[in-house]
Student: 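The structure that follows is given in the form of structure tokens.
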Amino acid sequence: MTEKKESIFIRFACFAVPILLVVYIMCTGPVFALMYDSNGDLEHLE
């Protein structure tokens with residue numbers, strides 16, 4: 001790769017990885033909140 005392409009790829013990776021991690025956490029967080037009640041016990045959703 002040329003230096004310009006490497007620079008663009010590194011810049012994209014530096015922005016994409018944190019954004020994807022935040023999106024992943026925000027998608028799975030509500031699921032876990034629905035599965036556990038306020039006492040920390042696992043609820044069985046029907």
Side-chain angles (χ1 to χ4, degrees):
M1 276 194 229
T2 65
E3 281 187 35
K4 184 170 180 136
K5 285 185 180 180
E6 287 179 6
S7 174
I8 292 172
F9 177 75
I10 291 172
R11 188 180 313 152
F12 173 76
C14 288
F15 285 111
V17 170
I19 290 172
L20 290 173
L21 286 173
V22 169
V23 169
Y24 174 74
I25 291 170
M26 291 187 73
C27 290
T28 58
V31 172
F32 288 118
L34 288 173
M35 289 177 54
Y36 289 93
D37 63 5
S38 61
N39 295 330
D41 297 327
L42 183 63
E43 291 182 1
H44 299 285
L45 299 176
E46 295 179 11

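Residue numbers count from 1 along this sequence. Being a predicted model, the structure only gives us computed values, none of them experimental.
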Student: Please name all residues satisfying side-chain contact (heavy atoms from CB on, under 4.5 Å) with V23, sequence neighbours left out, ordered by chain then number.
Tutor: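 Only I19, C27 meet the side-chain contact (heavy atoms from CB on, under 4.5 Å) criterion with V23.
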Student: In the hydrophobic clustering that connects Ile, Leu, Val, Met, Phe, Trp and Tyr at side-chain heavy-atom distances below 4.5 Å, which members other than F12 occupy its cluster, ordered by chain and number?
Tutor: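 For F12, no cluster forms, as it stays isolated from other hydrophobic side chains.
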Student: Remaining members of I10's ILVMFWY cluster at a side-chain heavy-atom cut-off under 4.5 Å?
Tutor: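 So far as hydrophobic clustering goes, I10 is joined with none.
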Student: Run through the side-chain heavy atoms of Ile, Leu, Val, Met, Phe, Trp and Tyr, join any pair under 4.5 Å, and report what else lands in F15's cluster.
Tutor: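 So far as hydrophobic clustering goes, F15 is joined with none.
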Student: Please find the pair of heavy atoms, one from A13 and one from P18, that lie closest to each other, and give the distance.
Tutor: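 For A13 and P18, the tightest heavy-atom pair comes out as O-CD, 4.1 Å.
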Student: Supply the members, apart from M26, of the Ile/Leu/Val/Met/Phe/Trp/Tyr cluster built from side-chain contacts under 4.5 Å; use none for a lone residue.
Tutor: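 The other cluster members (ILVMFWY side chains, heavy atoms under 4.5 Å, direct or chained) are V22.
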